[in-house]
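Heads up, the thing below is written out as structure tokens.
Along the sequence shown, residues carry numbers from 1. Side-chain atoms are counted along with the backbone in the values below, which use heavy atoms only and exclude waters and symmetry mates. Counting convention: from 1, in listed order, for ligands and their atoms alike. Quick caveat, the model's predicted, so the values are computed rather than measured.
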Amino acid sequence: MSLAIKVVTLFPEMIREVLSTSILGRAERQGQVTYEVLDIRDRAVDRHGTVDDAPYGGGAGMVLMAPPVVETVEAARRDAATPLLLMSAQGERLDEDLVLELAALAAAAGELVLVCGHYKGVDQRVLDLLRPREVSIGDYVLTGGELPALVVIDALVRRLPGVLGNSDSAENDSFTAALDGGLEGPWYTRPPEYRGLAVPEILISGHHANIERWRAERSRERTRERRPDLAAGKRRPPRDRGDGAGE
Ligand SMILES: C[S@@+](CC[C@H](N)C(=O)[O-])C[C@H]1O[C@@H](n2cnc3c(N)ncnc32)[C@H](O)[C@@H]1O
């Protein structure tokens, strides 16, 4: 069954372009996912296309009004069982564990809806009425939720079964269980020597067991050097997903 991913946004063209490209586009062409982009402005409160207004109590910036956002989400969502994500700098910080958790929830429901905020953000009543899960892609503030939504979709779609072939497998990537949540080591391809830098001998030895051992050592070394917080045993325990999701 294909997963229906729906994005609620003020800027549909930003989303469509990326979702039709590369592996995300191929996933749709292969029938693993479908994408739908819903324009909040289609449910504007007046014929001028108004979807935002000044905040009550004063202050700079505009706030996305509740009615167009709530009603676009209601039109997008099959029912309340569909996971609903609101992109927000104040949300749960995205990492590979959260990606897997969201992928499992979305796959179980067959549908996922993501809402992109803009300006100062959305009226609080959107949150009160729809109770979305708020997701942040990091501790910085972007102009809108479109790039964060695309980040979530990209990270999630590549973890759906069958989306990546062998040629771009996620199996041994950084943060996966195969590397104990750590970082991947270095990769080399042709030519064997470039500007005096040779490919490590072992990689052209043809000795697969030794190559695997070398790669595992490089991965541990790199993790220790760059991300001691991820080094073996320090990885935080997976969230209690309650749905058996995992790698
Ligand atoms: C300018 S931001 C609003 C920031 C908000 N006033 C605050 O201080 O938290 C506009 C929109 O961009 C999105 N956004 C910005 N930074 C984000 C982040 N780090 N992660 C996820 N979404 C983000 C959200 O959808 C947000 O509603």
With a 4.0 angstrom cut-off on heavy atoms, strictly below it, pick out the residues next to ligand 1 and order them by chain and number. M87, S88, A89, Q90, G117, H118, Y119, K120, G121, V135, S136, I137, G138, Y140, V141, L142, T143, G144, G145, P148
Is E146 reaching over with its side chain to a backbone N or O of T9, donor-acceptor style, under 3.5 angstrom? no
State which residues pass side-chain contact (heavy atoms from CB on, under 4.5 Å) with R226; sequence neighbours excluded, sorted by chain then number. L183, R222
Point-to-point distance, once rounded to the nearest 0.5 Å, from CD1 of I40 to CG of L10: 4.5 Å
If only atom types and distance count, is the side chain of S169 paired as donor or acceptor with the main-chain N or O of G165 below 3.5 Å? no
What I want to find out is whether R77 reaches E111 closely enough, with some N-O distance under 4.0 Å, to be called a salt bridge. no
Within-4.5 Å side-chain heavy-atom neighbours: V113 and V8: yes
